[in-house]
Amino acid sequence: MVPRQRIPLVNLASSLFLSLVVMTPHCLASDLSGETAVVEKAERTVNRKLSLSMLENYLASHSDSSSAYLSAARMSNQLGIHRKTIIFTTKYLDLKPEPLVYYAYHLRAQAYTCLGQPDKALLT
């Protein structure tokens, strides 16, 4: 009998996030396997500056990758680069208006609030 492998709850939660956000085909990218690989690698990278740089390089040639924009928004938010968070979330929401991803709106509102623009945060 083969023993069962235990999966830590943290790994399970992150893999569920990736399967919901990254692995569902919700962009027009022609190379979804490449997109998934880049986003997953960026998510696993501990150095958030390096992760953001990887995603920005990918987005320079794949501007239709909504999951890469959402991941870049998360990274820039964690780094406190609020203007980039707003740019990335806005681009993500332009590319993928349905279904609603409230997390993207939350990131953008938080960035506007940190920049001292709570009036814009309420309108997002």
Side-chain angles (χ1 to χ4, degrees):
M1 177 181 267
V2 178
R4 282 198 233 163
Q5 181 182 10
R6 292 182 181 229
I7 301 173
L9 188 55
V10 173
N11 289 347
L12 181 61
S14 66
S15 67
L16 286 174
F17 172 78
L18 287 175
S19 66
L20 291 173
V21 175
V22 177
M23 298 175 117
T24 54
H26 52 273
C27 73
L28 301 174
S30 59
D31 182 16
L32 287 176
S33 61
E35 172 189 12
T36 301
V38 168
V39 173
E40 285 180 350
K41 184 175 180 181
E43 292 285 338
R44 286 191 313 265
T45 302
V46 176
N47 182 337
R48 292 300 180 209
K49 285 184 181 180
L50 179 60
S51 295
L52 183 58
S53 177
M54 289 168 46
L55 291 165
E56 288 176 320
N57 288 337
Y58 180 77
L59 288 167
S61 60
H62 299 83
S63 61
D64 58 347
S65 173
S66 62
S67 62
Y69 277 109
L70 184 60
S71 189
R74 289 182 58 239
M75 301 301 162
S76 60
N77 181 59
Q78 291 173 359
L79 291 168
I81 308 171
H82 304 298
R83 293 192 193 288
K84 281 190 178 184
T85 302
I86 293 166
I87 291 167
F88 290 139
T89 52
T90 300
K91 186 65 176 173
Y92 169 79
L93 293 166
D94 288 345
L95 288 171
K96 189 174 181 287
E98 296 291 330
L100 282 178
V101 176
Y102 294 105
Y103 181 64
Y105 288 99
H106 168 77
L107 284 175
R108 191 166 64 177
Q110 183 181 20
Y112 274 125
T113 301
C114 289
L115 290 174
Q117 301 174 5
D119 52 326
K120 288 186 178 180
L122 295 173
L123 298 174
T124 59

With a 4.5 Å heavy-atom cut-off, do Y69 and T90 have their side chains touching?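 Result no, sub-4.5 Å side-chain heavy-atom pair not found.
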For residues L115 and I86, determine if any side-chain heavy atom of one lies less than 4.5 Å from a side-chain heavy atom of the other.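 In contact.
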First locate atom [atom1] of [X], then atom [atom2] of [Y], and finally report the distance between them rounded to the nearest 0.5 Å.
| X | Y | atom1 | atom2 | answer |
| --- | --- | --- | --- | --- |
| Y105 | T89 | OH | OG1 | 9.5 Å |
| D94 | D64 | CG | CG | 13.0 Å |
| L107 | L70 | CG | CG | 7.0 Å |
| R48 | L79 | CZ | CG | 8.5 Å |
| Q117 | Y112 | CD | OH | 6.5 Å |
| C114 | I81 | SG | CD1 | 12.5 Å |

Applying a strict under-4.5 Å side-chain criterion to I, L, V, M, F, W and Y, I'd like to know whether M54 and L52 cluster together.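 Each belongs to a different hydrophobic cluster.
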Could you see if I87 belongs to whatever hydrophobic cluster contains Y103? Use Ile, Leu, Val, Met, Phe, Trp, Tyr and a side-chain cutoff under 4.5 Å.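 No.
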Could you report the tightest heavy-atom contact between [X] and [Y], atom names first, then the distance?
| X | Y | value |
| --- | --- | --- |
| A104 | L93 | CB-CD2, 3.9 Å |
| L55 | A72 | CD1-N, 3.6 Å |
| K96 | S66 | CD-OG, 3.9 Å |

F88 and its side chain to side chain contact (heavy atoms under 4.5 Å, CB included) partner, picked from E56, M75, R74: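 So, applying the side chain to side chain contact (heavy atoms under 4.5 Å, CB included) to F88 and each of E56, M75, R74, only E56 qualifies.
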Looking at [X] and [Y], would you say the former's side chain and the latter's main chain have a donor-acceptor pair under 3.5 Å?
| X | Y | value |
| --- | --- | --- |
| S53 | K49 | no |
| S63 | L59 | no |
| S76 | A73 | yes |

Would you say the side-chain atoms of S51 and E43 include a donor-acceptor pair closer than 3.5 Å?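 No, no side-chain donor-acceptor contact under 3.5 Å.
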Quick one about T85 and R108 (side-chain donor to acceptor, distance below 3.5 Å, no hydrogens or angles considered), yes or no?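 Result is no, nothing qualifies.
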Relative to each other, are the rings of Y58 and H62 parallel, tilted or perpendicular (30° and 60° limits)? parallel
